[in-house]
Amino acid sequence: MLLNYCGQKFLPRILVRAAVRVVVMICLTAGVLGILGSTAPVSYAQLVSTTTHIQDKQTPLKSAALNATVYHSPDCNCCGGWIDHLRAQGFKITDFSTPNIETVKQKYNVPDNLSSCHTAIVNGYVIEGHVPADDIKRLLQEKPNIAGLSVPQMPVGTPGMEMGNRKDPFSVFSFDRKDSVAVFNKYGAES
């Protein structure tokens, strides 16, 4: 939380956005080096996971169309994994690869401290990062008065960021147009 506070209050926007780009490059490098298939030991926090895989759960959704427009950098490979996750959960995807992903984030007012590698629009809501499909479906069912959901950065084990059995704890945050942020869901050790 301190990092998010510092990023929001003290670091210029350009540094936060540059940090996101560095994380994307690390993700790409990890995939290229074959770390995705690694059997290296993981810490206790990484071993704690929910009883079912995020990708295997299905939340029924009545009457709302499951259409998502996804904007991502052409340099990011993990975004395709997240798109595949959404398709497997019944979403129809319109996919836009753009070198100007930062412009998209600014257009949809994604808070700097909640940014990740891709931005999607689903029924008027902003979906930032590797948000599980079940959380998007819950959002569409409940229709809260918020701008959207975010999984900041790129936690290992989120949809599109799978690395074997490793699953880092992570939270899905909701945010509104007045910069209010709340926890929408938690996965892993903090659940």
Side-chain angles (χ1 to χ4, degrees), residues 13 16-25 27-28 31 53-155 157-162 170-185 187:
R13 239 182 177 176
V16 173
R17 299 228 186 260
V20 168
R21 287 180 185 207
V22 167
V23 170
V24 169
M25 291 307 298
C27 173
L28 292 172
H53 294 286
I54 295 168
Q55 293 76 8
D56 297 336
K57 291 170 51 179
Q58 293 233 349
T59 300
L61 185 63
K62 301 172 188 170
S63 74
L66 296 175
N67 296 312
T69 302
V70 181
Y71 301 91
H72 63 90
S73 167
D75 300 326
C76 188
N77 292 329
C78 62
C79 301
W82 183 73
I83 290 169
D84 291 343
H85 165 72
L86 289 186
R87 283 188 176 125
Q89 295 291 316
F91 285 80
K92 181 182 175 191
I93 306 295
T94 304
D95 183 7
F96 289 103
S97 180
T98 175
N100 299 318
I101 191 65
E102 301 307 320
T103 303
V104 172
K105 294 176 187 313
Q106 290 172 357
K107 175 181 178 180
Y108 292 108
N109 298 311
V110 174
D112 286 340
N113 61 335
L114 296 181
S115 70
S116 187
C117 56
H118 54 263
T119 304
I121 306 302
V122 180
N123 291 20
Y125 288 105
V126 177
I127 307 298
E128 180 68 13
H130 294 265
V131 177
D134 279 343
D135 291 312
I136 300 170
K137 290 177 180 180
R138 179 180 147 209
L139 171 73
L140 297 176
Q141 285 178 331
E142 295 176 2
K143 299 180 182 170
N145 186 22
I146 61 172
L149 299 177
S150 172
V151 172
Q153 303 168 359
M154 300 184 320
T158 56
M161 289 297 299
E162 296 86 358
F170 69 96
S171 295
V172 177
F173 295 96
S174 64
F175 60 96
D176 66 17
R177 305 213 186 283
K178 296 179 183 177
D179 295 328
S180 293
V181 176
V183 174
F184 188 80
N185 202 357
Y187 293 87

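Residues Asp134 and Gln89 form a side-chain contact, since some pair of their non-hydrogen atoms from C-beta on lies under 4.5 Å apart. Between Lys105 and Val126 there is no side-chain heavy-atom pair separated by less than 4.5 Å. Counting heavy atoms from C-beta outward, His130 and Cys117 have side chains that approach closer than 4.5 Å. Side-chain contact between Tyr187 and Thr158 is absent, with no heavy-atom pair separated by less than 4.5 Å. In this structure the side chain of Val151 never reaches within 4.5 angstrom of the side chain of Trp82, judged on heavy atoms. Using a 4.5 Å cut-off on side-chain heavy atoms (C-beta onward), Leu140 and Tyr125 make contact. Contact annotation: the side chain of Phe184 never approaches that of Val131 to less than 4.5 Å [non-hydrogen atoms, C-beta and beyond].
Looking only at distances, no side-chain donor or acceptor of Arg138 sits under 3.5 Å from a matching main-chain atom of Asn185. No donor-acceptor distance shorter than 3.5 angstrom exists from the side chain of Gln141 to the backbone of Leu139, with no hydrogens or angles considered. One N or O on the side chain of Glu128 and one on the backbone of Ser116 form a donor-acceptor pair closer than 3.5 Å. Remark: the backbone N or O of Ala133 is paired with a side-chain donor or acceptor of His85 at under 3.5 angstrom.
Checked against side chain to side chain donor-acceptor pair (under 3.5 Å), Asp84 has no partners two or more places apart in sequence or in another chain. Applying the side chain to side chain donor-acceptor pair (under 3.5 Å) test to Ser150 and every residue at least two apart in sequence or in another chain returns nothing. Applying the side-chain contact (heavy atoms from CB on, under 4.5 Å) criterion to Thr94, with sequence neighbours excluded, gives Thr69, Phe96. For the side chain to side chain donor-acceptor pair (under 3.5 Å) test, no residue two or more places apart in sequence or in another chain qualifies with His118. Listed by chain and residue number, Ala65, Lys92 satisfy the side-chain contact (heavy atoms from CB on, under 4.5 Å) test with Asn67 (two or more places apart in sequence, or in another chain). Qualifying side-chain contact (heavy atoms from CB on, under 4.5 Å) partners for Val104, counting only residues two or more places apart in sequence or in other chains: Tyr71, Thr98, Ile101, Tyr108, Thr119.
The minimum heavy-atom distance between Asp176 and Asp179, with the atom names listed, is OD1-N, 3.2 Å. Contact record, Cys78 with Cys76: SG-SG, 3.2 Å, taken as the closest heavy-atom pair.
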